[in-house]
Structure formats: C-alpha cells, structure tokens
Amino acid sequence: MEIIERIKDMQAYSQDLRVEGKVIALVPTMGYLHEGHLSLMREGRKRGDVLVASVFINPTQFSPNEDLDKYPRNFERDRDMMEEVGVDVVFHPRANDVYPEGYQTFVTVDDVSKNLCGLTRPTHFRGVATVVAKLFNCVLPHIAIFGRKDYQQVKVIERMVRDLNMDVGIIGMPIVREPDGLAMSSRNEYLNPKERKAALSLYKAILIVRELFENGERRIGALTDRAIGVIMTEDLARIEYVKLAHPENIDELVGVVWDRALLALADYIGETRLIDTPVLGEEFENC
Ligand code: AMP
C-alpha cells in the first residue's frame, strides 16, 4: 500500500494508471475509520482495478464553533485497517496544500444543500462539495463511493457531478450499524457510556416509524411526532430536526407521504451531534 501526500504526486500516479487503462475507485474519508468506511472500501475493491482511499479532515466543512480541532484521529490505526481491506493507495494531503494561502474557490450546490443539515450548518455542504471536487481533480477516479449514512451529502455530490459534467460514477452504499442499531460514526467516539445508551433513541425512533409506515401510516405529522416522542423520552437527547424529505431533491414533504421518503434525524446527545437517514419504503437494509 502506497501513501501519497503531495497533490502533484497523486495526480501523476493516477494519470499513469489511466494511461494503462486501469479503473480507479475512490473512497473519501476523514479518517478514524470504522466498519462503515470499510464497507465502502470493500465495494471499491470489487469495482476498481486500483482502490484509492483519502484521509483528510476537511476544515471547510466545519463552522468555527464545530469540532474540527477535537475530531478524532489515529492515522496509524487507519493505515493498518486500510491495508487489511486491500487499499492500494492512501491519499493523505495536508490542509495547507489543499487550501493554500489565498484560496478562494468554492463549489455551491444550491437547492439540495438547503434543507436538513443545511439549515443549521449553512456552509457545510459548500465545504463538502468543494473538497470532493478537489479530490476528484487530484485522484482522477472513474468511480467514487459514499455512504448513505450521510444521505443528503450523497445527493449533493450526485447533483454536483451532473451539473458540472464530472465524469465520475457516484455509488451510495447502505448504512452500517453497530449490533444494537446505532449508525456507525467516527463521532460515536465522543459518547460516554450513558450517552452511548441514550444515542440508541434514534434507532428506536426509526424502528417505530418504520413499523407505522409498514402498517400503512402515511400522515407526515403522525410519523414525525412518534419519532420525536421516542427521542424526547431520553433526558440527554436534544432534537435538531426530525423530518421526512423527498429522497431525491431533499425538499421537505408536507401532508402525506406516498411510496418513499427520507426519514432524517439529527440529534444532540449531550454535546455530540448524531444523524441517521434511512429511507422509508425501501428495503430497509440493516435498519
Ligand atoms: P467521514 O469519514 O465521516 O467523512 O465518512 C466518510 C464516508 O464514509 C462517507 O461517505 C460517509 O457517508 C461514510 N460512512 C460513515 N459512516 C458510515 C456508516 N455507518 N455506514 C456507511 N457509510 C458510512
């Protein structure tokens, strides 16, 4: 497994691979890897001749009051996990190479960024779209693999790729959960044992809403109120939003849902912000 830090070296490496006709698969991450990340890498391993994983904590997707400084990191551990899963190249650039002095270009994906996480994190998806566009220009992948744990992010990237005519296939993979149902996240590391228990309220809410939906409930208020009720029984939980959204354009749904709807939950458990985003009406994967 190669580790490449410099952008120019990554580009040269990928250009050579393209000349050889190799299919390059990219899995972008911010590191502190878990089974959710590894599931994307396994998929990339299957689909690409060469699997590149990037590890970069992207400062532009954090607001000044967010957890950039304390975001968990352990590159040695990540490196071992990536080697184990068959990553060929780790792209590990430095922040001041990605955003050198004088940097001023950003990618804004309009409507699909506005609802849900965009309401409380207004510059988040601008940071995500910008770094993903830059990673595509550095790694030159044919395909890139993302997790539906960050469902809105997948839709933002799909839209960016379409609108900017980027020649990269985007693949969205199922949410990977802990055995008790909590969606895996690097931020779960922040939870103390009491909070870890309280964090399960999101999954409990999902199961109850799913059951209601499967039994025919289609009134949005009835579905979201039930989820809110379940989460509110947890003293440590503070709801940021519980919404049903259109699974393609992420618009908020009103009235009744029909066949498919994104159930989007964002909650603080203590100081830790957690999200979960299953789609009602689809095979519920492992939800
Ligand atoms: P992050 O390191 O949090 O930026 O995540 C890197 C990629 O892994 C993103 O595409 C995430 O959506 C994906 N990911 C994170 N957690 C999970 C999970 N529990 N299941 C599936 N994909 C995930």
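Reckoned from all heavy atoms, side chains included, excluding hydrogens, waters and symmetry mates. Quick caveat: nothing in here was measured; it's all calculated off a predicted structure. Counting starts at 1 for both ligands and their atoms, in listed order.
Separating the CD atom in E252 from the NZ atom in K114 is a distance of 14.5 Å, to the nearest 0.5 Å.
Contact check on D276 versus R177 returns a salt bridge, with a Lys/Arg side-chain nitrogen under 4.0 Å from an Asp/Glu carboxylate oxygen. With respect to E66 and R121, a salt bridge is recorded, a charged nitrogen being found less than 4.0 Å from a carboxylate O. By the 4.0 Å N-to-carboxylate-O rule, D180 lies close enough to R196 to be salt-bridged with it. R148 and E282 are joined by a salt bridge, as a carboxylate oxygen and a charged side-chain nitrogen come within less than 4.0 angstrom of each other.
Compare D150, V131, V128 by their heavy atoms: the one nearest to atom 14 (N) of ligand 1 is in D150.
Annotation: M173 places no N or O atom under 3.5 Å from an N or O atom of ligand 1; distance criterion only. Remark: ligand 1 and M184 share an N or O pair separated by less than 3.5 Å (distance only, no angle test). Geometrically, ligand 1 and S185 share no nitrogen or oxygen pair separated by less than 3.5 Å. Looking at ligand 1, you'll find an N or O of V176 within less than 3.5 Å of one of its N or O atoms.
The nearest heavy-atom contact from the protein to atom 5 (O) of ligand 1 is H37 NE2, 3.4 Å. Summary of contacts: the protein heavy atom closest to atom 4 (O) of ligand 1 is M30 CG, 3.5 Å. Summary of contacts: the protein heavy atom closest to atom 23 (C) of ligand 1 is K149 CB, 3.8 Å.
Ligand 1 places these atoms under 4.0 Å from at least one heavy atom of T29: 2 (O), 6 (C). When each atom of ligand 1 is checked for a heavy atom of F146 under 4.0 Å away, the hits are 10 (O). Remark: ligand 1 atoms within the under-4.0 Å shell around heavy atoms of G147 are 9 (C), 10 (O), 11 (C), 12 (O), 13 (C), 22 (N).
Contacts with ligand 1 closer than 4.0 Å are made by side-chain heavy atoms of H34 only, the backbone lying farther away. The backbone of P174, and not its side chain, has at least one atom closer than 4.0 Å to an atom of ligand 1 (non-hydrogen atoms only; backbone = N, CA, C, O). With a heavy-atom cut-off of 4.0 Å, P28 touches ligand 1 through its backbone alone. Only the side chain of L40 comes within contact range of ligand 1, with a heavy atom under 4.0 Å; no backbone atom does.
Taking the centre and axis of the six-membered ring of Y32, the NZ or CZ atom of R77 falls inside the cone set by 45° and 6.0 Å.
In terms of modelled atom types and a separation under 3.5 Å, the side chain of E240 and the main chain of T120 share no donor-acceptor contact.
Closest of all the heavy-atom pairs between L140 and Q11 is CD1-O, 4.1 Å.
In summary, the side chains of E195 and T272 do not present any donor paired with an acceptor at a separation below 3.5 Å, with no hydrogens or angles considered.
R126 places none of its side-chain heavy atoms less than 4.5 Å from the side chain of T60.
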